[in-house]
S.K.: 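Got a structure for you, written out below as structure tokens; questions coming shortly.
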There are 2 protein chains.
Amino acid sequence: MCDEAKRDPAERLRQMTARLKERGHRLTPQRLAILRILAESRGHPSVEDIHKALLKDFPTTSLATVYKTITRLKDENEVLELEFSDLANRYDGNTPTPHPHAICTRCGAICDPDTPPLEELAKLVADRTGFRITSHRLDFYGLCPKCQEQDG
Amino acid sequence: MCDEAKRDPAERLRQMTARLKERGHRLTPQRLAILRILAESRGHPSVEDIHKALLKDFPTTSLATVYKTITRLKDENEVLELEFSDLANRYDGNTPTPHPHAICTRCGAICDPDTPPLEELAKLVADRTGFRITSHRLDFYGLCPKCQEQDG
DNA sequence: GCGTTATGGATAATGATTATCCTGAAAGAA
DNA sequence: TTCTTTCAGGATAATCATTATCCATAACGC
Ligand SMILES: [Mn+2]
Ligand SMILES: [Mn+2]
Ligand SMILES: [Zn+2]
Ligand SMILES: [Zn+2]
């Protein structure tokens with residue numbers, strides 16, 4: 001259903017740990033576990049999702065620790081945040097650069113469709129508005145295949 | 001700086017009032033005032049913005065009334081909501097169908113750049129993901145012209 | 001190992017949005 | 001106009017994801 005190509009969780013984990021280390025962040029067991037969860041997950045987990053998965057290996061981990069680590073990763077541009085005002089934010093640790101998403105409005109599934117890049121359009125908008133554009137967000141909302149089935 | 005063409009606040013106000021009326025909503029003075037503010041504003045106001053403007057004519061209006069009216073307008077597809085998790089949502093009452101936005105990450109300015117439509121891309125994503133796509137959102141983030149000046 | 005200091009855990013605070021409750025106004029009928 | 005019904009407004013409490021705070025402790029360079 002969604003783009004699963006070019007995924008290499010182990011390599012991505014190495015990348016993230018190396019970058020955090022070289023920028024002076026400490027590599028605690030909790031932090032490593034969170035990085036692993038992010039590298040291995042493909043569903044754009046929420047902080048709560050990450051926390052739940054984390055409790056299996058580290059039963060005493062605080063939710064605050066997950067929030068703090070996510071903030072860290074955002075600052076280092078190692079995770080992409082998808083903001084929502086009415087439900088929990090979601091995170092992509094595999095591809096931290098902006099890219100389009102297909103989002104199910106019923107079950108909350110989020111996936112990464114393979115699409116042509118938006119750089120040209122961004123340039124066009126920059127020219128017409130005078131903005132110095134540094135980032136973007138493109139979401140497509142609708143029903144995922146599973147939720148369509150349930151409708152009959 | 002942004003697209004100001006084809007704006008006709010008076011006509012848009014007529015549209016909105018007519019549609020609310022024919023769908024059985026009562027046209028109270030407060031509601032009409034909120035519709036007027038939305039039709040005339042071009043900066044994508046927040047609920048608080050609308051409320052502040054409203055207080056000039058209706059000094060006793062509750063913030064809850066603005067929230068309720070916005071919810072109503074969303075249900076009737078007469079306003080487009082731009083969600084943010086870390087700051088107040090913003091609203092476009094002029095063009096309630098999805099369209100791209102340029103958003104200043106420093107001062108919060110939001111404007112409507114004139115861009116080619118995304119229907120083709122939406123269709124492409126629908127084909128590749130199996131989603132039944134009903135809506136979308138495209139934001140470009142960066143610094144608006146004014147905020148660029150302040151940097152020197 | 002030691003000392004320094006960032007980090008984890010627990011919990012309180014924040015703030016936009018929503019829910020609740022009751023009074024009063026809008027709209028339609030007579 | 002008056003009456004009646006139901007919807008909407010005002011005030012305020014509740015919600016809930018996210019941040020802030022505080023202190024004990026673990027990480028890492030030496
Ligand atoms: Mn993604
Ligand atoms: Mn707009
Ligand atoms: Zn779904
Ligand atoms: Zn600006």
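Model, not experiment: these values are computed from the prediction. Every chain is numbered from 1, with letters handed out A, B, ... down the list of sequences. Atoms considered below: every heavy atom in the structure, side chains included; atoms not considered: hydrogens, waters and symmetry mates.
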S.K.: Less than 4.0 angstrom between a side-chain N/O of A:Q30 and OP1 or OP2 of D:dA26, yes or no?
M.R.: no
S.K.: Hey, can you pull the residues of residues 70-93 of chain A with a non-hydrogen atom under 4.0 angstrom from DNA chain D?
M.R.: A:A88, A:N89
S.K.: When the nearest nucleotide of DNA chain C is assigned to B:P29 and to B:V47 on a heavy-atom basis, which residue is associated with the more 5' position?
M.R.: B:V47
S.K.: Quick one: does NZ or CZ of A:R31 land under 6.0 Å from the six-membered ring centre of A:F58, within 45 degrees of the ring axis?
M.R.: no
S.K.: Mind listing the closest non-hydrogen atom pair of B:F131 and A:C111 along with its distance?
M.R.: CE1-SG, 3.9 Å
S.K.: Thinking salt bridges, do B:R19 and B:E76 make one under a 4.0 Å N-O criterion?
M.R.: no
S.K.: Do the rings of B:F140 and A:H136 sit parallel, tilted or perpendicular, given the 30° and 60° boundaries?
M.R.: tilted
S.K.: Quickly work out the A:H51 NE2 to D:dT18 C1' distance and round it to whole Å.
M.R.: 14 Å
S.K.: Minimum heavy-atom separation for A:T115 and A:P100, please, with both atom names.
M.R.: OG1-CG, 3.0 Å
S.K.: What is the separation between atom CZ on B:R23 and atom P on D:dT6, rounded to the nearest whole Å?
M.R.: 23 Å
S.K.: Do A:L27 and A:I34 belong together in a cluster built from hydrophobic side chains that touch within less than 4.5 Å?
M.R.: yes
S.K.: Restricting to salt bridge (charged side-chain N to carboxylate O under 4.0 Å, His left out), what partner residues turn up for B:E83, sequence neighbours left out?
M.R.: none
S.K.: To the nearest 10°, give me the bend of the helix from C:dG1-D:dC30 to C:dA30-D:dT1, comparing the axes of its five terminal pairs at either end.
M.R.: 50°
S.K.: Give a yes/no answer on whether the side chain of B:R31 brings an N or O atom under 4.0 Å of OP1 or OP2 in D:dC7.
M.R.: no
S.K.: State which of D:dA8, C:dG9, D:dG9 makes the closest approach to the side chain of B:H25.
M.R.: D:dA8
S.K.: Applying salt bridge (charged side-chain N to carboxylate O under 4.0 Å, His left out), can you list everything that pairs with A:R12, at least two apart in sequence or on another chain?
M.R.: A:E78
S.K.: Considering just the side-chain nitrogens and oxygens of A:T28, establish if one lies under 4.0 Å of OP1 or OP2 belonging to C:dG8.
M.R.: yes
S.K.: Taking the basic N atoms (NZ, or NE/NH1/NH2) and the acidic carboxylate oxygens, is any pair closer than 4.0 Å for B:R14 and B:E11?
M.R.: yes
S.K.: It should be established whether A:Y67 places a side-chain nitrogen or oxygen under 4.0 Å from OP1 or OP2 of nucleotide D:dT18.
M.R.: yes
S.K.: Protein-nucleotides 3-5 of chain C N/O pairs closer than 3.5 Å?
M.R.:
unit_1 : atom_1 : unit_2 : atom_2 : d
C:dT5  : O2     : A:R26  : NH1    : 3.1
C:dT5  : O2     : A:R26  : NH2    : 3.0

S.K.: So, for A:P45 and A:S41, which heavy atoms are closest and what is the spacing to 0.1 Å?
M.R.: CD-OG, 3.3 Å
S.K.: Parallel, tilted or perpendicular for B:H44 and B:H101, by the 30°/60° rule?
M.R.: perpendicular
S.K.: Is any NZ, NE, NH1 or NH2 atom of the basic residue among B:K52 and B:E48 found under 4.0 Å from an Asp or Glu carboxylate oxygen of the other?
M.R.: yes
S.K.: Please confirm whether the backbone N or O of B:G43 pairs with a side-chain atom of B:R90, one donor and one acceptor, at under 3.5 Å?
M.R.: yes
S.K.: Might you work through the side-chain contact (heavy atoms from CB on, under 4.5 Å) test for A:D92 and A:D112, ending with a clear yes or no?
M.R.: CA-CA 10 Å; A:D92 189 334; A:D112 294 339; 3.3 Å; yes
S.K.: To the nearest Å, how far apart are B:L32 CG and D:dC7 P?
M.R.: 19 Å
S.K.: Just how far, in rounded Å, is C1' of D:dT18 from CD1 of A:I50?
M.R.: 14 Å
S.K.: Can you check nucleotides 11-13 of chain D for protein contacts, nitrogen or oxygen pairs under 3.5 Å, and list what you find?
M.R.:
none

